[in-house]
Amino acid sequence: MTGQRWDLDVEGRHHRVEADGSTRHRVRWYVDDQLVAERTAMEDKIRLRPSGDAAGHGLGAVLVRFSTLGAPRRATRLPPDEALDVQLSTGVGGTDLVPERGSKAAQHDERMLAHPTRYTVIQTAGGVATVVVPLLVAALLARLAFSFDWPAIPWPDLPDIPWPEIRLPGIPLPNWSLPGWVREALGYAKYVWPVLLAFLLARAEIRRRRTQRAVR
């Protein structure tokens, strides 16, 4: 991957974030052309805090996101406040830096905002894949397992252990159970939830990007 750069002017100071690498991402954060933080990691979310002499200057932090395949997505500057740790964990809040014109991150922004429905469909399809793919793999493994003649394992005969008989007092429990339609709905929930979550996250990300562009 070629290098990615984001820029943003905040309170009279110029912030610049640079990232490169494909599997291992090397991210550097500059303030007024001075390197204040650097980190190399394989994570898709890399958090940067000022180090050295810049640590006590109230610069806040930077959160850089990459796609699952390692493509740069966005860099967000988080202001210094009491909720900074929460913001770094959740990715909520802050101001996105502006990606360099023509870069992969800028192209991703333009495609997302120009075709929000297509972006939502793609992200929702990813949610469907998280449900369907494990089921297909499990079915394939089960089919392969039953297609082989496995050798019989001579398990040893274990002696019977005379366990003592324990009598517990009877506890009158109410004869109550969930309605059938509720049990059926709960059974399908584990398959519907990832798809619904992917859809909601996609719509939320589109709204967030539009808001960020208006703020910038």
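Keep in mind that this is a model prediction, so the values were computed, not measured. When reading the values below, keep in mind they use all heavy atoms of this one structure, side chains included, and skip hydrogens, waters and symmetry mates.
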May I ask you to list the residues sharing a hydrophobic cluster with L113, side-chain cutoff 4.5 Å, ordered by chain and number?
->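 Direct or chained contacts put L113 with none.
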
Find out whether V36 and L59 are in side-chain contact, i.e. whether some heavy atom of one side chain is under 4.5 Å from a heavy atom of the other.
->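 SC-SC contact between V36 and L59 confirmed.
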
Does T76 reach the side chain of V62, with side-chain heavy atoms less than 4.5 Å apart?
->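 Contact flag for T76/V62 side chains = no.
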
Which heavy-atom pair separates A61 from R49 by the least distance, and what is that distance?
->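 In this case the closest contact between A61 and R49 is CB-CG, 4.3 Å.
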
Work out which heavy atom in E43 is nearest to a heavy atom in K45; give both atom names and the distance.
->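 Nearest heavy atoms, E43 then K45: OE1-O, 3.0 Å.
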
Non-neighbouring partners of [X] that pass side chain to side chain donor-acceptor pair (under 3.5 Å), sequence neighbours left out:
{"X": "R28", "answer": "E18, D20"}
{"X": "H15", "answer": "W29"}
{"X": "W6", "answer": "none"}
{"X": "S103", "answer": "Q4"}

Salt bridge between R5 and D7, side-chain N to carboxylate O under 4.0 Å?
->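 The answer is yes: the pair qualifies as a salt bridge.
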
Under the rule for side-chain contact (heavy atoms from CB on, under 4.5 Å), what residues qualify as partners of [X], not counting sequence neighbours?
{"X": "L197", "value": "W193, L201"}
{"X": "T120", "value": "T124, F199, A202, R203, I206"}
{"X": "A125", "value": "none"}
{"X": "D32", "value": "R13, H14"}

Sequence neighbours left out, what passes salt bridge (charged side-chain N to carboxylate O under 4.0 Å, His left out) with [X]? Give chain and number order.
{"X": "R73", "answer": "none"}
{"X": "E100", "answer": "none"}
{"X": "R26", "answer": "E38"}

Using 30° and 60° as the class limits, which term best fits the ring planes of H25 and F66: parallel, tilted or perpendicular?
->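 Parallel, since the angle between the ring planes stays under 30°.
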
